[in-house]
Amino acid sequence: MTLDINKIRKDFPILQEKVHGKDLVYFDNAATTQKPTQVIDEMVKYYYKYNSNIHRGVHYLSNKSTDGNENARKIVQNFINAEHLHEIIFTRGTTESVNLVANSFAERYIGEGDEVIVSELEHHSNIVPWQLVCEKKKAVLKVLPFNDKGELLLDELDELITDRTKIVAVNHISNSLGTINPIQKIIDIAHARGVKVLVDAAQSVQHLKIDVQEWDVDFLVFSGHKLYGPTGIGVLYGKEDLLNEMPPWQGGGEMIKEVRFSGTTYNELPFKFEAGTPNYIDAIGLGAAIEYVENIGLENIDAYEQELLAYATEKLSSIDGLKIYGTAEHKTSVISFLVDGIHFYDMGMLLDQMGIAVRTGTHCTEPIMQHFGIDGTVRASFSFYNTKEEIDALYNGILKVCKMFVH
Amino acid sequence: MTINEIQEEIIEEFAGFEDWMDKYAYLIELGTDLQGLDEKHQTDQNLIKGCQSKVWFNASLEDGKVKLEADSDAIIVKGIAALLIRVFNNQTPEDIMNADLNFIDEIGLKQHLSPTRSNGLVSMVKQIKMYGIAFNHVK
Ligand SMILES: Cc1ncc(COP(=O)(O)O)c(C=O)c1O
């Protein structure tokens, strides 16, 4: 099926905006995606008509909001094909999901001298929480490196794993380079050695269909706002038996069964890990976003975005002095680049003047920048609402900047 | 010239630019022309934190006047630094402390002024004012 991009673009009000008097070209989708009216309207509807704190309410509104929240959980369950509804835990986002797992998993399973493996391709939010718990538990953090194309050195994983290794935490897709990592192989290698795996899917749920049962992954984390949903809502999927064995992370309302000063007992999954008033309106928004994406179809989205990526890669590569960072064989629609003699910040600032939104800097992946010996890149990331005409605008914009720099 | 006279001069210069391209081309020119800093002054101490690009300011006091030098790895940022040097170089610590900067607003660089903006114009101005305060104290 070919997508009707003009029709799709009408779903995203912000794409009609002007920036510095120019048509907005939004190429910062890896940082956050824009929201369709279907998502915004659903959330507004709940605020206008049904808002009420969820769970245990006796009244009509509370039941409406509770149903909305639990329906969203169901949508997420189907979206990633989790076996059980209670394996879906709502969090604030990827970062909070990783912190939850790192802390709670470590509390139960990690001791002095044990090991955690992350990759050199990780976002800081899948590095720092592990560093913190490793420090606390006197455990060791090990790093799986990547090659100059931005591909993980899979062969080294088996050697890195020892009988002290407890978990491998790795992203499915790199936010800086776009590399799609061979998750199934990583999981198979780890599981063969009895090691658990957490997959950071922050950059992949919006591009590729994920089936947690097929992968047999132990934990999967992602954010709503990169999936055309609202900010402030994210997901932690965990296998039932692990989540049951792991202790609660935060204490408060909702997560308890009985509170006594002589000792408190905890609620069952998923509520054990959802302390306090949940962010139910954003959960409902996330549900609407997933339905929107599924209506268009992830396969169609991926096919079109690959087309954009191929088109942009070819065009940008033809620019003198432009170097693309991240040239893995399997990539999503992310292009990180630098132009000889032009600082990424100058490039970003000038493109902004032309209405083109890109991201500049380290993209929260300083180890990747260190690998390449650079301070940062310009990153253009494409979504299914982008067009080839917009890529032409980026191409022409870069040429214009280059011209400003030759005097 | 006083700080205010220099600011007026800059505002007038920028008023002549027709569009953003001219303005930024001028900043690029200023950045290119600004004599950088010796590597020995590109120290962590002179580095202004919180910028996506690296910016260094070095200051010294000579005959009661503050001498400023700056460098950056990003040319536009260096161009902005050049403007700040033009305004503040060779002024007394007291005048620097008390200066009321309006030219940044007037020449349309205000969008770079908010404290969280990554080019750290705010941090640069703060740093220069700190030098003013410190030298005033020494004096
Ligand atoms: C790969 C990856 N992991 C984690 C994160 C953190 O996501 P969030 O800031 O939504 O918690 C991001 C987002 O920038 C990301 O791209």
Side-chain angles (χ1 to χ4, degrees), chain A residues 17-25 28 31-32 124 176 321 336-366 368-370 372-379 393 396-407, chain B residues 14 17-34 36-37 39 42-44 47-56 70-84 104-105 107-124:
Chain A
E17 288 292 308
K18 300 257 182 215
V19 167
H20 304 305
K22 322 265 175 5
D23 288 338
L24 166 67
V25 173
D28 196 13
T32 200
H124 295 161
S176 283
S336 249
F337 67 91
L338 285 175
V339 177
D340 268 351
I342 304 178
H343 195 277
F344 51 83
Y345 186 68
D346 289 329
M347 178 65 79
M349 210 167 7
L350 294 169
L351 289 174
D352 173 59
Q353 290 295 318
M354 304 177 218
I356 302 170
V358 293
R359 190 143 293 247
T360 60
T362 65
H363 320 298
C364 294
T365 56
E366 287 181 15
I368 296 181
M369 301 304 138
Q370 275 149 21
F372 289 114
I374 54 180
D375 291 329
T377 67
V378 184
R379 183 187 71 186
N396 291 325
I398 296 171
L399 288 183
K400 213 164 171 176
V401 173
C402 292
K403 238 183 244 148
M404 291 177 77
F405 273 78
V406 280
H407 283 300
Chain B
F14 273 77
F17 295 132
E18 303 257 303
D19 67 359
W20 70 270
M21 284 269 283
D22 295 341
K23 194 156 76 187
Y24 279 84
Y26 183 54
L27 286 174
I28 290 170
E29 197 181 309
L30 290 179
T32 313
D33 291 347
L34 180 70
L37 265 183
E39 290 234 352
Q42 293 185 5
T43 58
D44 263 3
L47 184 68
I48 292 171
K49 309 242 158 32
C51 310
Q52 270 204 11
S53 54
K54 294 194 180 108
V55 194
W56 297 268
D71 211 338
S72 173
D73 53 356
I75 289 293
I76 294 171
V77 177
K78 202 169 160 191
I80 294 173
L83 286 176
L84 291 174
I104 295 165
D105 249 12
I107 66 176
L109 289 180
K110 193 177 175 193
Q111 49 155 320
H112 301 302
L113 247 188
S114 89
T116 54
R117 283 302 286 233
S118 37
N119 78 354
L121 184 47
V122 166
S123 316
M124 288 194 246

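Residue numbering restarts at 1 for every chain, and letters A, B, ... go by the order of the sequence lines. All heavy atoms count here, side chains included; hydrogens, waters and symmetry mates do not. All values derive from a computational prediction rather than experimental measurement.
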A/Q353 side chain to B/W20 main-chain N or O, any donor-acceptor pair under 3.5 Å?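 Not confirmed, A/Q353 side chain does not pair with B/W20 backbone.
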Exercise: identify the closest heavy-atom pair between B/M21 and A/M404: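 Scanning both residues completely, I find the closest heavy atoms to be O-CE, 3.5 Å.
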Are A/H343 and B/V77 close enough, and set up right, to give a side-chain contact (heavy atoms from CB on, under 4.5 Å), and what steps lead you there? CA-CA 10 Å; A/H343 195 277; B/V77 177; over 6 Å; no
Worked check of side-chain contact (heavy atoms from CB on, under 4.5 Å) between A/Y345 and B/I76: CA-CA 9 Å; A/Y345 186 68; B/I76 294 171; over 6 Å; no
Check each atom of A/D346 against the heavy atoms of chain B and say whether the ones under 4.5 Å are side chain, backbone, both or neither.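 Both backbone and side chain.
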Is it the side chain or the backbone of A/L350 that comes within 4.5 Å of chain B heavy atoms, both, or neither?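 Backbone plus side chain of A/L350, per the 4.5 Å heavy-atom cut-off to chain B.
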